[in-house]
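The structure under discussion appears below in the form of structure tokens.
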Amino acid sequence: MRILPALAAAIVIAAPAAAQTGKPAPILTAPEAKDAWTHAVPEVARVTHVDLNLDVDFAGKTLSGVATLDVLAAAGAKEIVLDVDDLDVISVTCPKGKPLPFAIGPRDKELGSALTVQLEGNKQILIRYKTRPGASALQWLAPELTAGKRKPYLFSQGQPINNRSWIPTQDSPGIRQTWSATLTVPAGFVAVMSGDRLDGEKGQAAPDGRRRFRFRMDKPVPPYLVAMAVGDLAFKATGKRSGVWTEPSMLDAAAHEVGDVEKMIDAAQALYGPYRWGRYDMLVLPPSFPYGGMENPTLTFLTPTIITGDRSNTDVVAHELAHSWSGNLVTNATWSDSWLNEGFTTYFENRIMEAVYGKERAAMYADLDWDGLQRDIRDAGGGDAATTRLHGDPGATFGQLDYFKGSTFLRTIEAAVGRAKWDAYLRAYFDRHAFQPQTTAGFLADLRANLIRGDKALEAKLELDRWAYRPGLPDNAVHVTSATLAAVDAKLAAFNAGGPASAVQPAGWATQQWLRFLNGLPRQQPPARLAELDGALGLSTSNNAYVRSAWAELAIANRYEPALPGIEEFVKRVGRGLLIYPIYKDLMAQGDWGKPIALRFYEGAKAGYHPNAAAGVAKIVGAE
Ligand code: BES
Ligand code: ZN
């Protein structure tokens, strides 16, 4: 890839300096850093700052206003290419108001369209636009889908490439941009975003009784990390630099559930260096939020399904917090290397859990990651399947292998070099690459230069290239086992040998123990045994969403109809992909019995799903 001269200078600037000096973060130019999921050509012209000034219209389900982009163009560059999807562009002008010629290319179903703007020498362009009600990043929730049931709600989900449906910019994880935003919302609503808030909790007065909220992110971030939500929101502190936003009726329960967060931040900083984002707040969303959590900087988004009263699902908080280093500070340059975000984070999450809750609790998670790894490789078609590679086509890694194989890789390195050396390396790695994109090859080169340092025996032992580029699981993989889960296995064996369900005695079980038990049951069970299990363990009525999902899978495998009403209630209420996709897949796998049920559930549930989850389920049930 040729680098045009004016920009070459910008590219070599080290990014830690970038965050402090206001100089733009670097763009990687190696072939493997080329992002197939963007239309942008950042070597020619790139966005360095995005300013949004948007009005939120719940009745029309649109955001409308102006995006002002700061542009850094190479000498002689005539145009800039942006990503847009489903946006109505009303005008593009220079700061003085003169219209600039622009064109919107054909729409690709996944990638959206290129918006090409003639710069005519300008360093700033203003795009006046409006989103459409179906924008893929945005869910506009009717009041019934909220906890309060009185006011509508809006939230965005950017990762991986949805934000182009509400922000016209270069939507690639390798093109970091600072941003600022003003959101104007109706009276009685509160807006939150993934950056510093410049106004108080209630914002400022705006015309017609509306409220205005301003935000700023002065560190360069990949655009998928710009996030917003608007609703009937309230705040409660959980510590000196952390707190929770959610609907008022859930505030106390949410704040209690995530009450260990300050300990987690302390633990994370002690491991891998300073938390560089200022505040760490969390937003607990309505149950249609399509993920367990999303690492939006300064404001992690969380599913309410983790609120069970016993802090047993706080691994999600540890995970999203860990992304403040792996993902948000050092970011996969393209989605082909998502394991650099998710695998590192799964490893780091486990270290935080160990520091806060002890070795055994962390071992449970690591052991379950191993189960997930084995399951994903099996479901991918075995260790030869190309989709079991860590670095591959963007989005082509099977299931959650980027999480499980990625974290197992790092655990294997840790075991080989020893924790002290590994932790020191990793801490320095985050410093060296702070606020920069990264590739698999870049990580391996850094590892060789700073940890292996020519140690031939170590190099041979680690099998780095095999881990990074080849399918399957290298045989040096480290498997962490848990004594607590071994005890669950013993109960499982007794039940499988014909023992009564009443002997299982799950009182006090953590989610991990439930999952080990339920997923370990042989798939074929007679109806009487299923009824016995449900009766003794309270599966159909459990308030633990993971238990409900795992129970649904077992019931569907046996076409056990008494469980269907509970499953239907669950998939209509919860929109978290990880918990509902398996249910739809299992129903589809049951042919003539299951397919009509899957379609019926989807038809009844889709109005309540985020566009991402709705598309995911539509694909599974063949309703696209
Ligand atoms: N960044 C992910 C969520 C994500 C992944 C969004 C891929 C879009 C595309 C987030 O950090 C995550 O991994 N969430 C997990 C949490 C879990 C592993 C603790 C989830 O949602 O289940
Ligand atoms: Zn993650």
Side-chain angles (χ1 to χ4, degrees), residues 37 110 136-137 139 155-163 171 173 194 221-227 257-258 264 282-285 287-297 299-306 311-332 334-353 361-362 364-366 368-369 371-373 376 394-407 410 510-512 515 545-546 549 574-582 610-613 615-616:
W37 280 4
E110 317 291 343
S136 66
Q139 186 177 8
F155 71 88
S156 69
Q157 163 60 37
Q159 191 185 357
I161 53 170
N162 300 320
N163 268 352
D171 188 12
S194 55
V221 292
Y224 73 87
L225 291 177
V226 183
E257 202 74 34
V258 302
M264 291 182 175
M282 292 152 282
L283 171 70
V284 177
L285 289 117
S288 68
F289 184 61
Y291 295 99
M294 178 65 213
E295 64 270 29
N296 299 314
L299 187 66
T300 279
F301 282 24
L302 294 171
T303 172
T305 62
I306 65 162
R311 298 189 182 178
S312 71
N313 299 309
T314 53
D315 55 312
V316 179
V317 177
H319 181 96
E320 307 314 334
L321 171 66
H323 272 306
S324 306
W325 287 258
S326 42
N328 299 359
L329 200 56
V330 185
T331 309
N332 49 213
T334 75
W335 297 112
S336 293
D337 282 330
S338 66
W339 80 275
L340 294 174
N341 281 18
E342 299 301 345
F344 269 69
T345 294
T346 302
Y347 173 82
F348 190 177
E349 164 202 336
N350 200 257
R351 296 296 305 277
I352 296 171
M353 294 302 281
R361 175 117 178 239
M364 277 205 282
Y365 289 102
L368 278 188
D369 283 355
D371 288 352
L373 178 55
D376 274 354
T397 303
F398 191 87
Q400 289 186 290
L401 276 168
D402 44 354
Y403 294 67
F404 301 141
K405 186 174 173 181
S407 55
L410 301 190
T511 298
Q512 295 64 45
L515 291 179
Y546 297 85
S549 177
V574 174
R576 182 176 175 192
L578 197 74
L579 300 179
I580 62 170
Y581 294 160
H610 181 276
N612 255 13

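Residues take their numbers from the sequence shown, with the count starting at 1. All ligand and atom numbering here is 1-based and tracks the order in the structure.
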> So do the side chains of L515 and Y546 get within less than 4.5 Å of each other, counting heavy atoms only?
Replying inline: yes

> Is it the case that S288 and H610 place a side-chain donor and acceptor less than 3.5 Å from each other?
Replying inline: no

>> If we count only N and O atoms by modelled type, under 3.5 Å, do the side chains of H323 and E342 hold a donor and an acceptor together?
In response: yes

> Are a donor atom and an acceptor atom from the side chains of N163 and D171 found within less than 3.5 Å of each other?
Replying inline: no

>> Given a heavy-atom cut-off of 4.0 Å, could you list the residues near ligand 1 in chain and number order?
In response: Q157, Q159, Y291, G292, G293, M294, E295, V316, H319, E320, H323, E342, Y403, R576, L578

>> Under a plain distance cut-off of 3.5 Å, with no hydrogens placed, do E295 and S324 share a side-chain donor-acceptor pair?
In response: no

> What about F404 and W339, are their ring centers closer than 6.0 Å?
Replying inline: no

>> Can you classify the ring geometry of F348 versus W325 as parallel (below 30°), tilted (30 to 60°) or perpendicular (above 60°)?
In response: perpendicular

>> Could you check whether S338 and D402, counting side-chain N and O atoms only, form a donor-acceptor pair closer than 3.5 Å?
In response: yes

>> Centroid separation under 6.0 Å, is that true for the rings of F155 and F301?
In response: no

>> For the Zn ion (ligand 2), what is the number of protein N, O or S atoms at a distance under 2.8 Å?
In response: 3

